Amino acid sequence: MTQSFLVQSEIQHKWIKKFKTIEEQFKSYAEQNDIASRFPFENIEWLINEGYTLLTLPKAYGGEGATIEDMVILQTYLAEIDGATALSIGWHLSVVGQLFEQQLWEPELLEEFAEAVKKGALVNRAVSEAETGSPTRGGRPATHAVREKDGYILNGVKTFTSMSKALTHFIVGAYVEELDQVGFFLVPRNVEGVDIADNWNMIGMRATESHDLVLNNVKIPHKYFVEQKRKPGANGWILHIPSVYLGIAQAARNYAVDFTKTYSPNSIEGTIAELPTVQQNLGKMESLLLSARHFLWSTAHGYQLYEKDTEIWNETSASKVLVLNQGLEVVDLAMRIVGAKSLEMERPLQRYYRDMRAGLHNPPMEDMAYTNIAKSITGLK
């Protein structure tokens with residue numbers, strides 16, 4: 001485990017100490033969970049029992065009140081241990097953080113939901129659809145909501161629902177016919193008509209079990225129509241995504257460094273760490289990580305300092321793109337250093353590579369991030 005960052009807050013100290021106690025246990029599950037495309041239920045149960053799911057719930061609601069900077073540090077550390085576990089729980093942490101920071105729901109509903117979180121509830125947004133692609137592109141969802149006297153009826157299918165089998169609540173994006181616009185609905189898992197398709201079969205982030213969410217005449221009360229489509233703006237809590245991929249890249253770096261210090265083919269004296277070519281790749285790999293790490297963490301710190309989120313929108317968007325692309329290069333360099341052995345299934349590098357590739361398809365999409373940044377600096381809307 002790399003110690004290349006300064007742990008600052010009491011929350012960070014507390015959780016990193018806890019993570020160290022379960023590091024080897026979580027790692028021992030990772031290979032088989034990946035092969036079987038099995039959700040890391042044991043890991044998530046431990047995180048719930050230890051209170052990690054309360055991390056981003058404000059203290060006023062009975063949570064731990066972690067900052068975005070705390071979340072980024074901890075998610076990076078957790079992802080070094082197991083990327084799929086970190087990405088899965090990160091969606092919950094991000095959603096909870098944004099809901100309460102931006103007060104997106106009515107006060108009574110926030111109080112109600114805070115109580116559910118304190119009892120172990122897990123939430124994620126369900127917004128992607130096969131017909132529309134990434135929700136950041138603005139396509140109208142095929143999932144629709146029809147108002148009735150005592151509630152709404154939802155029908156549709158949502159894709160990429162990470163942590164699907166463990167979630168207790170979904171925040172579903174749907175086209176609201178009466179309003180002719182998109183709205184968001186809180187859907188408890190135990191409502192009749194909610195089903196999980198069990199169709200997740202990807203080469204990356206296999207253990208997240210991001211199956212389709214199927215809604216078949218799902219009836220929910222009016223109060224669970226929680227949000228209408230908002231104007232786009234910076235959301236610092238989405239930095240949980242690059243945090244995970246930074247952690248995976250750091251894990252690849254650690255593996256490669258350890259390999260160079262122990263691998264000694266009989267064609268040379270000493271280990272391959274002494275070879276100039278290997279040293280060049282190690283130096284480049286570390287430089288890429290330093291750049292990505294400091295950009296991400298300075299963005300997380302800066303987000304808390306600006307009065308308007310628009311003042312740090314570009315940094316928030318660029319963080320995922322920069323960290324992901326440089327992280328991919330780090331993993332590639334690590335595999336070049338280890339050589340053909342990096343492709344062996346019993347070694348984690350091939351899993352790190354596949355999981356990193358999955359990050360290309362997490363929001364924000366790279367082209368949309370660049371377009372929005374370009375518009376902001378040219379004054380276009």
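Owing to the predicted nature of the structure, the values given are computational and were not obtained by experimental measurement.
- Taking the side chain to side chain donor-acceptor pair (under 3.5 Å) definition, one finds that S319 meets it with T299, sequence neighbours left out.
- Not counting sequence neighbours, the partners of A197 by the side-chain contact (heavy atoms from CB on, under 4.5 Å) test are N199, D212, V214.
- Pairs passing the salt bridge (charged side-chain N to carboxylate O under 4.0 Å, His left out) check and including a residue from residues 256-270, sequence neighbours excluded, do not occur.
- Contacts classified as side chain to side chain donor-acceptor pair (under 3.5 Å) and involving residues 356-365 (residues at least two apart or in different chains) are given here: Y245-N362.
- The side-chain contact (heavy atoms from CB on, under 4.5 Å) check on P188 picks up H169, N190, V191, Y224, with sequence neighbours excluded.
- For Y29, the side chain to side chain donor-acceptor pair (under 3.5 Å) criterion is met by Q25, not counting sequence neighbours.
- A search for salt bridge (charged side-chain N to carboxylate O under 4.0 Å, His left out) contacts involving E64 returns K14, not counting sequence neighbours.
- Listed by chain and residue number, K118 satisfy the salt bridge (charged side-chain N to carboxylate O under 4.0 Å, His left out) test with E115 (two or more places apart in sequence, or in another chain).
- For residues 327-351, the side chain to side chain donor-acceptor pair (under 3.5 Å) pairs, not counting sequence neighbours, are Y255-R347, K284-E329, D332-R336, E344-R347, Q350-R354.
- When the side chain to side chain donor-acceptor pair (under 3.5 Å) test is applied to Q280, no partner is found at least two apart in sequence or on another chain.
- With sequence neighbours excluded, the residues forming a ring-ring contact (aromatic ring centres under 6.0 Å, His included) with Y263 are F259, listed by chain and number.
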Below 3.5 Å, can you tabulate the donor-acceptor pairs from side chains in residues 141-149 to any protein atom, sequence neighbours excluded?
residue, atom, partner, partner atom, Å
T143, OG1, E129, OE2, 2.6
H144, ND1, A142, O, 3.4
R147, NH1, Y152, OH, 3.1

